[in-house]
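In this chain, residues are counted from 1 in sequence order. Indexing begins at 1, ligand by ligand and atom by atom, following the structure's order. Just so we're clear, the structure is a prediction, and the values are computed from it rather than from any experiment.
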Amino acid sequence: MNRIVTLDEFIIRRQKDFPFASGELTGLLRDIGVAAKIVNREVNKAGLVSILGVAGQENPSGESVQKLDLYANEKLIDCLKNSGECCGIASEELEDFIPIQPVASKTSKYVVVFDPLDGSSNIDVNVSVGTIFGIYRRVSDPESPCKMEDFLQKGTELVAAGYVLYGTSTLLVYSTGRGVNGFTLDPTIGEFCLSHRDIQIPPRGGHYSVNQGYYLKFDVEMRRYIDHCSDMNLGLRYIGSMVSDIHRILLNGGIFLYPNTRKYPQGKLRLVYECNPLSFIVEQAGGKAITCQLERILDLSAEHLHQRTTIAIGSPGMVDEMKAFVERYSAAPSFR
Ligand code: P6P
(Lines give C-alpha, C1' and ligand atoms only; values in the text may rest on other atoms or scores of the structure.)
Protein backbone atom coordinates (compact mmCIF):
# COMPACT_ATOMS: atom_id res chain seq x y z
CA MET A 1 0.00 0.00 0.00
CA ASN A 2 1.49 3.34 -1.04
CA ARG A 3 2.12 5.92 1.68
CA ILE A 4 -0.32 8.86 1.70
CA VAL A 5 1.33 12.01 0.30
CA THR A 6 -0.73 15.11 1.06
CA LEU A 7 -0.85 18.18 -1.19
CA ASP A 8 0.92 20.22 1.49
CA GLU A 9 3.75 17.70 1.79
CA PHE A 10 4.11 17.41 -1.99
CA ILE A 11 4.21 21.19 -2.51
CA ILE A 12 6.80 21.66 0.23
CA ARG A 13 8.96 18.81 -1.09
CA ARG A 14 8.79 20.28 -4.62
CA GLN A 15 9.70 23.74 -3.34
CA LYS A 16 13.37 22.71 -3.43
CA ASP A 17 12.98 22.39 -7.24
CA PHE A 18 12.83 26.17 -7.36
CA PRO A 19 16.11 27.98 -6.88
CA PHE A 20 15.74 30.93 -4.52
CA ALA A 21 12.18 29.73 -3.70
CA SER A 22 10.98 31.92 -0.88
CA GLY A 23 8.04 29.72 0.04
CA GLU A 24 5.52 32.29 -1.25
CA LEU A 25 4.39 30.13 -4.18
CA THR A 26 4.16 27.20 -1.78
CA GLY A 27 1.94 29.26 0.50
CA LEU A 28 -0.21 30.42 -2.40
CA LEU A 29 -0.81 26.87 -3.65
CA ARG A 30 -1.70 25.74 -0.15
CA ASP A 31 -4.15 28.66 0.23
CA ILE A 32 -5.85 27.66 -3.02
CA GLY A 33 -6.11 24.12 -1.64
CA VAL A 34 -7.86 25.46 1.47
CA ALA A 35 -10.29 27.51 -0.65
CA ALA A 36 -11.03 24.42 -2.73
CA LYS A 37 -11.99 22.46 0.39
CA ILE A 38 -14.34 25.27 1.50
CA VAL A 39 -15.97 25.53 -1.94
CA ASN A 40 -16.22 21.74 -2.14
CA ARG A 41 -18.20 21.70 1.11
CA GLU A 42 -20.85 24.00 -0.39
CA VAL A 43 -20.85 22.44 -3.87
CA ASN A 44 -21.48 19.03 -2.33
CA LYS A 45 -24.55 20.24 -0.43
CA ALA A 46 -25.76 22.82 -2.94
CA GLY A 47 -28.97 20.85 -3.37
CA LEU A 48 -29.69 21.05 0.33
CA VAL A 49 -29.37 24.74 1.02
CA SER A 50 -31.01 27.73 -0.54
CA ILE A 51 -27.76 28.50 -2.32
CA LEU A 52 -29.10 27.14 -5.63
CA GLY A 53 -30.58 29.20 -8.29
CA VAL A 54 -29.57 32.29 -10.15
CA ALA A 55 -28.38 35.22 -8.07
CA GLY A 56 -30.26 37.56 -10.41
CA GLN A 57 -26.99 39.07 -11.57
CA GLU A 58 -24.82 38.89 -14.67
CA ASN A 59 -21.01 38.48 -14.76
CA PRO A 60 -18.78 40.76 -16.92
CA SER A 61 -19.27 38.35 -19.81
CA GLY A 62 -23.02 38.95 -19.66
CA GLU A 63 -23.84 35.45 -18.32
CA SER A 64 -26.35 34.89 -15.52
CA VAL A 65 -24.52 34.25 -12.23
CA GLN A 66 -25.40 31.31 -9.97
CA LYS A 67 -25.26 31.95 -6.22
CA LEU A 68 -22.54 29.31 -5.86
CA ASP A 69 -20.40 31.32 -8.32
CA LEU A 70 -20.52 34.23 -5.90
CA TYR A 71 -19.78 31.98 -2.93
CA ALA A 72 -16.79 30.37 -4.62
CA ASN A 73 -15.55 33.79 -5.73
CA GLU A 74 -15.78 35.19 -2.20
CA LYS A 75 -14.03 32.21 -0.59
CA LEU A 76 -11.15 32.25 -3.06
CA ILE A 77 -10.70 35.99 -2.52
CA ASP A 78 -10.84 35.63 1.27
CA CYS A 79 -8.23 32.84 1.30
CA LEU A 80 -5.90 34.69 -1.05
CA LYS A 81 -6.38 38.07 0.66
CA ASN A 82 -5.51 36.76 4.13
CA SER A 83 -2.53 34.72 2.97
CA GLY A 84 -0.33 37.73 2.26
CA GLU A 85 1.12 35.68 -0.60
CA CYS A 86 -0.54 37.49 -3.50
CA CYS A 87 -0.77 41.18 -4.40
CA GLY A 88 -3.71 41.02 -6.81
CA ILE A 89 -6.62 38.93 -8.06
CA ALA A 90 -8.59 38.79 -11.33
CA SER A 91 -11.77 36.70 -11.54
CA GLU A 92 -14.42 35.87 -14.11
CA GLU A 93 -16.90 37.31 -11.61
CA LEU A 94 -15.16 40.71 -11.31
CA GLU A 95 -15.19 43.41 -13.98
CA ASP A 96 -11.72 44.58 -12.95
CA PHE A 97 -8.80 43.13 -10.99
CA ILE A 98 -8.50 43.87 -7.28
CA PRO A 99 -5.16 44.85 -5.72
CA ILE A 100 -4.51 43.22 -2.34
CA GLN A 101 -2.92 45.26 0.43
CA PRO A 102 0.28 43.78 1.88
CA VAL A 103 -0.27 41.72 5.02
CA ALA A 104 2.14 42.72 7.79
CA SER A 105 3.97 44.88 5.23
CA LYS A 106 4.97 41.75 3.30
CA THR A 107 5.40 42.60 -0.39
CA SER A 108 4.09 39.64 -2.43
CA LYS A 109 5.37 39.03 -5.93
CA TYR A 110 2.46 36.97 -7.35
CA VAL A 111 -0.97 37.68 -8.85
CA VAL A 112 -3.72 35.08 -9.29
CA VAL A 113 -6.34 34.75 -12.06
CA PHE A 114 -9.27 32.37 -11.65
CA ASP A 115 -12.65 31.22 -12.79
CA PRO A 116 -14.17 30.40 -9.40
CA LEU A 117 -16.79 27.98 -10.66
CA ASP A 118 -16.61 27.05 -14.32
CA GLY A 119 -19.58 25.23 -15.80
CA SER A 120 -21.83 26.77 -13.16
CA SER A 121 -24.92 26.40 -15.37
CA ASN A 122 -24.63 22.70 -14.48
CA ILE A 123 -24.86 23.27 -10.72
CA ASP A 124 -28.64 22.97 -10.41
CA VAL A 125 -28.63 19.68 -12.33
CA ASN A 126 -25.83 18.12 -10.28
CA VAL A 127 -23.27 17.93 -13.07
CA SER A 128 -19.55 18.37 -12.25
CA VAL A 129 -18.18 21.92 -12.08
CA GLY A 130 -14.67 23.22 -11.56
CA THR A 131 -12.38 26.00 -10.37
CA ILE A 132 -9.58 27.10 -12.71
CA PHE A 133 -6.57 29.16 -11.53
CA GLY A 134 -3.33 30.58 -12.85
CA ILE A 135 -0.44 32.27 -11.00
CA TYR A 136 1.89 34.91 -12.49
CA ARG A 137 4.93 36.66 -11.04
CA ARG A 138 4.05 40.37 -11.10
CA VAL A 139 5.90 42.53 -13.66
CA SER A 140 4.90 45.96 -12.29
CA ASP A 141 6.86 47.97 -9.71
CA PRO A 142 6.99 45.76 -6.58
CA GLU A 143 6.79 48.84 -4.35
CA SER A 144 3.40 49.88 -5.80
CA PRO A 145 -0.03 48.19 -6.11
CA CYS A 146 -0.35 45.65 -8.93
CA LYS A 147 -1.39 46.81 -12.38
CA MET A 148 -3.42 45.39 -15.29
CA GLU A 149 -0.18 44.41 -17.06
CA ASP A 150 0.43 41.86 -14.29
CA PHE A 151 -2.75 39.99 -15.30
CA LEU A 152 -2.45 40.30 -19.08
CA GLN A 153 0.82 38.42 -19.39
CA LYS A 154 1.02 35.64 -21.97
CA GLY A 155 0.24 32.11 -20.82
CA THR A 156 3.90 31.23 -21.36
CA GLU A 157 4.67 33.44 -18.32
CA LEU A 158 2.51 31.40 -15.92
CA VAL A 159 4.53 30.10 -12.97
CA ALA A 160 1.75 27.72 -11.92
CA ALA A 161 -1.76 26.73 -13.00
CA GLY A 162 -4.35 24.18 -12.05
CA TYR A 163 -7.95 23.25 -11.57
CA VAL A 164 -10.23 21.72 -8.97
CA LEU A 165 -12.89 19.32 -10.27
CA TYR A 166 -15.94 18.91 -8.01
CA GLY A 167 -17.12 15.60 -9.43
CA THR A 168 -17.71 12.05 -8.20
CA SER A 169 -14.68 12.90 -6.07
CA THR A 170 -12.97 16.25 -5.62
CA LEU A 171 -9.65 16.47 -7.43
CA LEU A 172 -7.02 19.21 -7.49
CA VAL A 173 -4.66 19.05 -10.49
CA TYR A 174 -1.77 21.52 -10.80
CA SER A 175 1.61 22.17 -12.37
CA THR A 176 4.45 24.55 -11.57
CA GLY A 177 6.10 23.85 -14.91
CA ARG A 178 7.65 20.54 -13.87
CA GLY A 179 4.93 18.06 -14.81
CA VAL A 180 1.31 17.63 -13.74
CA ASN A 181 0.09 15.93 -10.57
CA GLY A 182 -3.41 15.24 -9.24
CA PHE A 183 -4.64 15.07 -5.64
CA THR A 184 -7.95 13.56 -4.54
CA LEU A 185 -9.69 14.98 -1.47
CA ASP A 186 -10.05 12.40 1.30
CA PRO A 187 -13.00 13.83 3.25
CA THR A 188 -12.29 11.55 6.21
CA ILE A 189 -9.05 13.44 6.90
CA GLY A 190 -9.80 16.69 5.02
CA GLU A 191 -6.63 16.41 2.96
CA PHE A 192 -5.90 16.36 -0.78
CA CYS A 193 -3.84 13.17 -1.28
CA LEU A 194 -1.59 12.40 -4.27
CA SER A 195 -3.61 10.13 -6.56
CA HIS A 196 -2.43 10.94 -10.12
CA ARG A 197 1.38 11.22 -10.19
CA ASP A 198 3.07 12.82 -13.23
CA ILE A 199 0.05 12.79 -15.58
CA GLN A 200 0.97 12.25 -19.25
CA ILE A 201 -1.77 12.79 -21.86
CA PRO A 202 -2.10 9.86 -24.34
CA PRO A 203 -0.97 10.76 -27.91
CA ARG A 204 -4.49 10.05 -29.18
CA GLY A 205 -7.87 9.19 -27.64
CA GLY A 206 -11.16 7.57 -28.49
CA HIS A 207 -13.34 10.67 -28.06
CA TYR A 208 -13.76 14.17 -29.40
CA SER A 209 -15.52 16.85 -27.36
CA VAL A 210 -17.51 19.65 -29.01
CA ASN A 211 -21.04 21.07 -28.81
CA GLN A 212 -22.36 19.18 -31.84
CA GLY A 213 -25.50 21.31 -31.70
CA TYR A 214 -23.52 24.19 -33.20
CA TYR A 215 -22.15 22.05 -36.09
CA LEU A 216 -23.90 24.05 -38.83
CA LYS A 217 -22.57 27.28 -37.31
CA PHE A 218 -18.91 26.20 -37.52
CA ASP A 219 -16.59 27.13 -40.42
CA VAL A 220 -16.29 24.50 -43.14
CA GLU A 221 -12.82 23.34 -42.02
CA MET A 222 -14.11 22.61 -38.50
CA ARG A 223 -17.12 20.75 -39.94
CA ARG A 224 -14.75 18.68 -42.11
CA TYR A 225 -12.60 17.81 -39.08
CA ILE A 226 -15.67 16.89 -36.98
CA ASP A 227 -16.90 14.69 -39.86
CA HIS A 228 -13.47 13.03 -39.89
CA CYS A 229 -13.72 12.31 -36.14
CA SER A 230 -17.08 10.67 -36.78
CA ASP A 231 -15.72 8.74 -39.80
CA MET A 232 -12.92 7.47 -37.53
CA ASN A 233 -15.64 6.13 -35.19
CA LEU A 234 -14.54 8.39 -32.35
CA GLY A 235 -17.12 8.76 -29.58
CA LEU A 236 -18.54 12.19 -28.73
CA ARG A 237 -18.29 13.21 -25.09
CA TYR A 238 -19.38 16.77 -24.16
CA ILE A 239 -20.35 17.65 -20.58
CA GLY A 240 -20.68 21.41 -21.05
CA SER A 241 -18.24 21.94 -18.18
CA MET A 242 -14.78 22.69 -19.57
CA VAL A 243 -12.85 21.41 -16.54
CA SER A 244 -14.69 18.06 -16.69
CA ASP A 245 -14.18 17.69 -20.45
CA ILE A 246 -10.49 18.63 -20.27
CA HIS A 247 -9.84 16.36 -17.27
CA ARG A 248 -11.27 13.35 -19.13
CA ILE A 249 -9.04 14.18 -22.10
CA LEU A 250 -5.96 14.68 -19.86
CA LEU A 251 -6.36 11.13 -18.52
CA ASN A 252 -7.81 9.23 -21.51
CA GLY A 253 -6.70 11.31 -24.50
CA GLY A 254 -8.93 13.08 -27.01
CA ILE A 255 -9.55 16.60 -28.26
CA PHE A 256 -11.80 19.42 -27.01
CA LEU A 257 -12.97 22.05 -29.47
CA TYR A 258 -14.76 25.36 -29.01
CA PRO A 259 -14.59 27.01 -32.46
CA ASN A 260 -15.93 30.41 -33.46
CA THR A 261 -19.66 30.69 -34.16
CA ARG A 262 -21.90 33.56 -35.25
CA LYS A 263 -22.81 34.11 -31.55
CA TYR A 264 -19.18 33.96 -30.47
CA PRO A 265 -17.08 35.11 -33.48
CA GLN A 266 -13.94 35.20 -31.26
CA GLY A 267 -14.89 31.94 -29.52
CA LYS A 268 -16.75 31.68 -26.19
CA LEU A 269 -14.10 30.62 -23.69
CA ARG A 270 -12.03 33.20 -21.86
CA LEU A 271 -8.28 33.36 -22.49
CA VAL A 272 -6.92 34.70 -19.19
CA TYR A 273 -8.63 32.52 -16.59
CA GLU A 274 -9.89 29.49 -18.55
CA CYS A 275 -7.85 28.70 -21.68
CA ASN A 276 -4.37 29.80 -20.56
CA PRO A 277 -4.31 27.85 -17.26
CA LEU A 278 -5.81 24.71 -18.85
CA SER A 279 -3.46 24.97 -21.85
CA PHE A 280 -0.49 25.29 -19.47
CA ILE A 281 -1.57 22.08 -17.74
CA VAL A 282 -2.22 20.17 -20.99
CA GLU A 283 1.13 21.24 -22.50
CA GLN A 284 2.90 20.24 -19.28
CA ALA A 285 1.28 16.79 -19.66
CA GLY A 286 2.57 16.51 -23.27
CA GLY A 287 -0.52 17.80 -25.07
CA LYS A 288 -1.17 20.78 -27.34
CA ALA A 289 -3.50 23.79 -27.23
CA ILE A 290 -4.10 26.08 -30.19
CA THR A 291 -6.79 28.40 -31.46
CA CYS A 292 -8.97 27.29 -34.40
CA GLN A 293 -6.86 29.80 -36.36
CA LEU A 294 -3.79 27.67 -35.39
CA GLU A 295 -2.06 30.07 -32.97
CA ARG A 296 -0.60 28.54 -29.78
CA ILE A 297 -2.91 29.57 -26.92
CA LEU A 298 -0.04 30.31 -24.51
CA ASP A 299 1.54 32.72 -27.04
CA LEU A 300 -1.62 34.85 -27.40
CA SER A 301 -1.53 38.46 -26.20
CA ALA A 302 -4.42 39.39 -23.91
CA GLU A 303 -5.82 42.87 -24.59
CA HIS A 304 -8.35 42.73 -21.71
CA LEU A 305 -9.25 40.46 -18.79
CA HIS A 306 -12.40 38.88 -20.27
CA GLN A 307 -11.05 38.36 -23.79
CA ARG A 308 -12.44 35.29 -25.53
CA THR A 309 -10.64 32.82 -27.80
CA THR A 310 -11.36 29.76 -29.89
CA ILE A 311 -9.60 26.61 -28.70
CA ALA A 312 -8.60 23.12 -29.79
CA ILE A 313 -6.84 21.32 -26.92
CA GLY A 314 -5.80 17.77 -26.11
CA SER A 315 -3.75 14.86 -27.43
CA PRO A 316 -0.90 16.06 -29.64
CA GLY A 317 -1.69 13.67 -32.50
CA MET A 318 -5.31 14.83 -32.63
CA VAL A 319 -4.54 18.56 -32.40
CA ASP A 320 -2.01 18.13 -35.24
CA GLU A 321 -4.67 16.35 -37.31
CA MET A 322 -7.19 19.15 -36.70
CA LYS A 323 -4.48 21.64 -37.73
CA ALA A 324 -4.00 19.76 -41.03
CA PHE A 325 -7.74 20.00 -41.75
CA VAL A 326 -7.76 23.75 -41.12
CA GLU A 327 -4.74 24.24 -43.40
CA ARG A 328 -6.36 22.12 -46.11
CA TYR A 329 -9.96 23.38 -46.05
CA SER A 330 -9.86 26.90 -44.59
CA ALA A 331 -10.83 29.73 -46.90
CA ALA A 332 -8.72 32.12 -44.78
CA PRO A 333 -6.12 33.85 -47.01
CA SER A 334 -3.34 32.98 -44.52
CA PHE A 335 -3.83 29.32 -45.42
CA ARG A 336 -4.05 29.79 -49.20
P1 P6P B 1 -21.85 25.75 -24.54
C2 P6P B 1 -19.56 26.73 -19.17
O3 P6P B 1 -20.53 27.76 -19.24
C4 P6P B 1 -18.47 27.04 -20.18
O5 P6P B 1 -17.88 28.26 -19.88
C6 P6P B 1 -17.45 25.91 -20.21
O7 P6P B 1 -17.24 25.32 -18.96
C8 P6P B 1 -18.04 24.94 -21.20
O9 P6P B 1 -17.06 24.14 -21.86
C10 P6P B 1 -18.76 25.86 -22.19
O11 P6P B 1 -19.04 27.07 -21.50
C12 P6P B 1 -20.05 25.27 -22.70
O13 P6P B 1 -20.58 26.18 -23.65
O14 P6P B 1 -22.03 26.91 -25.50
O15 P6P B 1 -21.47 24.46 -25.27
O16 P6P B 1 -22.99 25.55 -23.60
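With ligand atoms numbered from 1 in the order given, ligand 1 contributes 7 (O) to contacts under 4.0 Å with heavy atoms of S241. Near G119, meaning under 4.0 Å from any of its heavy atoms, are these atoms of ligand 1: 2 (C), 7 (O). Counting atoms of ligand 1 from 1 in the listed order, those under 4.0 Å from a heavy atom of M242 are 6 (C), 7 (O), 8 (C), 9 (O). Counting atoms of ligand 1 from 1 in the listed order, those under 4.0 Å from a heavy atom of F256 are 9 (O). Near N211, with a cut-off below 4.0 Å to any heavy atom, the atoms of ligand 1 are 1 (P), 15 (O).
By heavy-atom distance, the residue among D118, D115, V210 lying nearest atom 7 (O) of ligand 1 is D118.
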Evaluation steps, side chain to side chain contact (heavy atoms under 4.5 Å, CB included), between Q284 and I199: CA-CA 9 Å; Q284 279 293 312; I199 298 172; over 6 Å; no

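In this view, D186 satisfies the salt bridge (charged side-chain N to carboxylate O under 4.0 Å, His left out) rule with no residue, not counting sequence neighbours. Taking the salt bridge (charged side-chain N to carboxylate O under 4.0 Å, His left out) definition, one finds that D227 meets it with nothing, sequence neighbours left out.
Enclosure of atom CD in Q266 is not indicated, since only 12 or fewer non-hydrogen atoms of other residues, nucleotides or ligands lie within 6.0 angstrom.
Inclusion of K268 in the set of residues having an N or O under 3.5 Å from an N or O of ligand 1 is warranted. Of the polar atoms of S121, none of the N or O atoms is found under 3.5 Å from an N or O of ligand 1, judged by distance alone. Taking distance alone, with nitrogen or oxygen atoms compared against 3.5 Å, Y258 approaches ligand 1 more closely than that limit.
Side-chain contact check for Y264 and T310: no donor-acceptor pair (N or O, by modelled atom type) lies under 3.5 Å. Remark: the N82 side chain and the D78 side chain contain no N/O donor-acceptor pair separated by less than 3.5 Å.
A salt bridge (charged side-chain N to carboxylate O under 4.0 Å, His left out) with D8 holds for exactly one of R14, R13, R30, K37; it is R30.
At a heavy-atom distance under 4.0 Å, no atom of V243 approaches ligand 1. Proximity of Y264 to ligand 1, defined as any heavy-atom pair under 4.0 Å, is not found for any part of the residue.
Both L94 and I100 sit in one connected hydrophobic cluster of ILVMFWY residues. Membership requires side-chain heavy atoms under 4.5 Å apart, directly or through other members.
Taking atom 15 (O) of ligand 1 as the reference point, the nearest protein heavy-atom neighbour is Y238 OH, 2.5 Å.
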